[in-house]
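Let me begin by presenting the structure, written as structure tokens, before commenting on it.
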Amino acid sequence: MKEFLRRFARNKAAIGGVVILLVVIAMALLAPALYPDSPWDMVAEPFLAPGADRAHPLGSDMMGRDLTAGIFHGARVSLVIGIVATLVALALGVTIGAIAGYYGGWIDNVLMRVTELFQTIPAFIFAIVLVSIFQPSVTSIVLAIGTVSWPPVARLTRSEFLSLRSREFVQACITIGMGDLRIIVRHVLPNALAPIIVTGSLMVATAILTEAGLAFLGLGDPNVMSWGTIIGAGREVLRTAAYVTAIPGIAILLTVLALNLVGEGLNDALNPKLKNR
Amino acid sequence: MPRVVRYLAWRLLQAVPIVAGIAVFNFMLLQLAPGDAADVLAGEAGGATPEYIAELKARFGLDQPVPVQLGKYLWNVARLDLGFSFRHNMPVVDLILSRLPATLLLMGAAIVLAFSLGVLLGVTAARHVNRPLDTVISVGALLAYATPIFWIGLMMILLFSVQLGWLPSSGMRTIGVDLTGFAYALDVARHLVLPATALSLFFMALYTRLMRASMLEVYSLDYVTTARAKGLTERRVAFKHVLRNALLPMVTMLGLQIGSMLGGSVLVETVFGWPGLGRLAFEAVFQRDNNLLLGVLLLSSVLVVIINVIIDLTYARLDPRIDVG
């Protein structure tokens, strides 16, 4: 662990990613304290330019809503949806991949056919269909993103399990009569965890982009303020007040960038041999 | 029968269960959706008598047991009958086919742009590894990789259409002007520049990063050392010996990204008012036209399957070790 932290800390880009991420997390945590009122409330005059009023540093949109409040609350929405959707995808993907890789044979065959099916359907269009059929809400968005993003995890877990299950320590577990579930969860999974964690951290970034895209199309939860929603609304006034569109976009860019940097840092630190690839 | 034809037939046969699986899946989604076509139509009419709704349900076959409905649905899909879009007053298949060329044009342009520039930038970065040029390219790729596709589209409209006035911001052709031949093609090309660039940026970043990694990996192989020992120039080593082998993972990646590109085109087409499949999906969402939406989902999946078969053929052409037989 110490060795891992030392390797991770040597990667300046990854540390930069951690710093940006901590700022975004702080924004998400402070949002209810700093901006207790709904970010949908009209609190200023419309089209207040950024920097014009110290009370609203990022200005206001066409409805006089404070953009700073929107960005803070949006950080909450992005992070929560990104993380929970990834956890859903990891739970689905690891379970399916573990069963397929551990048991092999016809079970593997059937599960991999299903995985292939899900990989063929264009993920974002699939997410649009799911959210629009089940009505946009934080729950439906999280489940939709989870449903469309598990196949790569399943494939990864399966290949790890395939190579681990023939190893001696697993054979030893089988010989002493240990149950399958215990072998899978206690012995094989911990050894397969490193690449799964790396994939997971990169998936949070993709999930945040997907959520922003859905919200931009008007498929966000109508009760929460998301960065994508602000861009979707700001688009109408792109020619006169571009900052309404620009600012939340930069927030998404920085958050996704930070997550990618952290994910790559984790990857390099966990597989030092693959450095520089 | 020529081997390529036999291979194609075999691959398409393999695709049948996948398409059938997606069709079953589509049917399940339609069943899960709150309210069926009859309810939607009745609601549109501003309320209807229970007798009228029952009549509508009977007409659409919605009163029959689910397995029978599924059987009928699959039979219809097999005959390429994806139902009727009441909003557009057109069969779903015709509607989708009329929008398909625009999407294929957009995606084709984006793929060519992303692939060629990605290869070029990746090779350049790898040849200057850990030097300033590599850093500039790598940082640019990292940024482009994290940029939301729809947002960069809007920013490009702001810069190139609103500020500079160089390029049109929306649509596929100039409205009200009747152009033919070359002038028409030029007009469409001008409209294509911004959406194709916006769609390609993310993928260009992906290919740049992958190409750089792939080049560096091939550079470390023994045969490259041999090539250098023979006294070949660095340029010749890079382009004649390394590039071709480094391209293989890129072609694989291209196949994996087709679905993701179709998804991106929904956003890009919405931003630029490009009259393709993606915009059709967007319209279907807002018109609550589930038949149409699921039709788009099904046919875009079929498109992914077809494009992947084409890519596999290209792969075999690039690498003689891989045989299509």
Side-chain angles (χ1 to χ4, degrees), chain A residues 13 17 113-114 116-136 148 152 205-206 208-210 212-219 227-228 231-232 234-235 238-240 242 245-246 248-261 264 274 276-277, chain B residues 15 17-19 21-22 25-26 29-30 32-34 129-130 142-143 145-152 154-155 157-158 162 169 202 212-214 216-217 256 258-264 266-267 270-271 277-278 281-282 284-286 288 290 293-294 296-298 300-305 308:
Chain A
R113 286 286 158 279
V114 174
E116 212 171 291
L117 192 70
F118 273 84
Q119 263 187 323
T120 308
I121 307 176
F124 188 65
I125 300 182
F126 194 12
I128 291 177
V129 170
L130 289 174
V131 173
S132 106
I133 282 186
F134 296 106
Q135 309 302 324
V148 304
T206 315
I208 288 179
L209 281 178
T210 309
L214 288 171
F216 170 73
L217 291 177
L219 289 169
W227 289 338
I231 298 180
R235 187 191 165 191
L238 185 67
R239 280 156 208 273
T240 47
T245 306
I250 292 168
I252 299 172
L253 200 166
L254 287 177
T255 309
V256 172
L257 177 69
L259 283 161
N260 285 337
L261 291 176
E264 274 170 39
L274 295 174
N276 249 335
R277 288 269 169 91
Chain B
I18 292 191
V19 174
I22 295 169
F25 206 77
N26 257 357
L29 282 174
L30 268 178
L32 285 170
V129 67
N130 292 335
L142 213 50
L143 285 175
Y145 193 65
T147 309
I149 251 175
F150 54 96
W151 180 76
I152 199 67
L154 291 170
M155 292 298 112
I157 290 180
L158 193 63
V162 179
S169 66
F202 172 87
R212 177 181 177 275
S214 177
L216 290 180
E217 194 172 329
L256 289 173
I258 293 298
S260 151
M261 204 171 237
L262 267 168
V266 177
L267 291 165
T270 306
V271 168
L277 214 53
F282 176 73
V285 168
F286 284 90
R288 312 201 49 76
N290 283 341
L293 192 56
L294 288 165
V296 172
L297 186 67
L298 183 73
S300 54
S301 311
V302 173
L303 200 60
V304 171
V305 173
N308 268 293

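Nothing here was measured: the structure is a model prediction, and the numbers come from that model. Proteins come first, then strands; the chains are lettered A, B, ... in the order of their sequence lines, and each starts at number 1.
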Check your understanding: Donor-acceptor pair, A:Trp227 side chain versus A:Gly249 backbone, under 3.5 Å?
Key -> no
Study note, to complete from the structure: Scored by heavy-atom pairs under 4.5 Å with chain B, the best of A:Gly228, A:Ala123, A:Gly232, A:Ala212 is A:Ala212
Point to revise | Per-residue contact mode, A:Ala246 against chain B (heavy atom under 4.5 angstrom) | key: both
Practice item. Please state whether the side chain, the backbone, both or neither of A:Glu264 comes within less than 4.5 Å of a heavy atom of chain B. Key: side chain
Review point. Highest number of heavy-atom pairs under 4.5 Å with chain A: which of B:Val19, B:Val302, B:Leu262, B:Leu256?
Key: B:Leu262
Practice item. Could you walk me through whether B:Ile18 and B:Ile22 pass side-chain contact (heavy atoms from CB on, under 4.5 Å), step by step? Key: CA-CA 6 Å; B:Ile18 292 191; B:Ile22 295 169; 4.0 Å; yes
Exercise for review: Kindly say whether B:Val271 contributes a backbone atom to a donor-acceptor pair with the side chain of A:Arg235 at under 3.5 angstrom?
Suggested key: yes
**Study point:** Options A:Leu257, A:Val131, A:Leu217, ranked by heavy-atom pairs under 4.5 Å with chain B, top entry
**Key:** A:Leu217
**Study point:** B:Ser301 backbone acceptor or donor facing A:Thr120 side chain under 3.5 Å
**Key:** no
Revision key, fill the gap. Heavy atoms of B:Ser300 and A:Pro122 approach each other most closely as OG-CG, 3.7 Å
Practice item. Select, from A:Leu261, A:Val256, A:Leu253, the one with the greatest count of heavy-atom pairs under 4.5 Å involving chain B. Key: A:Leu253
Review point. So which of B:Leu297, B:Ile149, B:Thr147 has the biggest tally of heavy-atom pairs under 4.5 Å with chain A?
Key: B:Leu297
Revision key, fill the gap. Cut-off 4.5 Å, heavy atoms of chain A, and the answer for B:Ile152 is neither
Practice item. For this output row, return yes or no: ring centroids of B:Phe25 and A:Phe126 closer than 6.0 angstrom. Key: yes
Practice item. Measure A:Leu254 against the heavy atoms of chain B and call it side chain, backbone, both or neither at under 4.5 Å. Key: neither
Review point. Which heavy-atom pair separates A:Gly213 from B:Leu267 by the least distance, and what is that distance?
Key: O-CD2, 3.7 Å
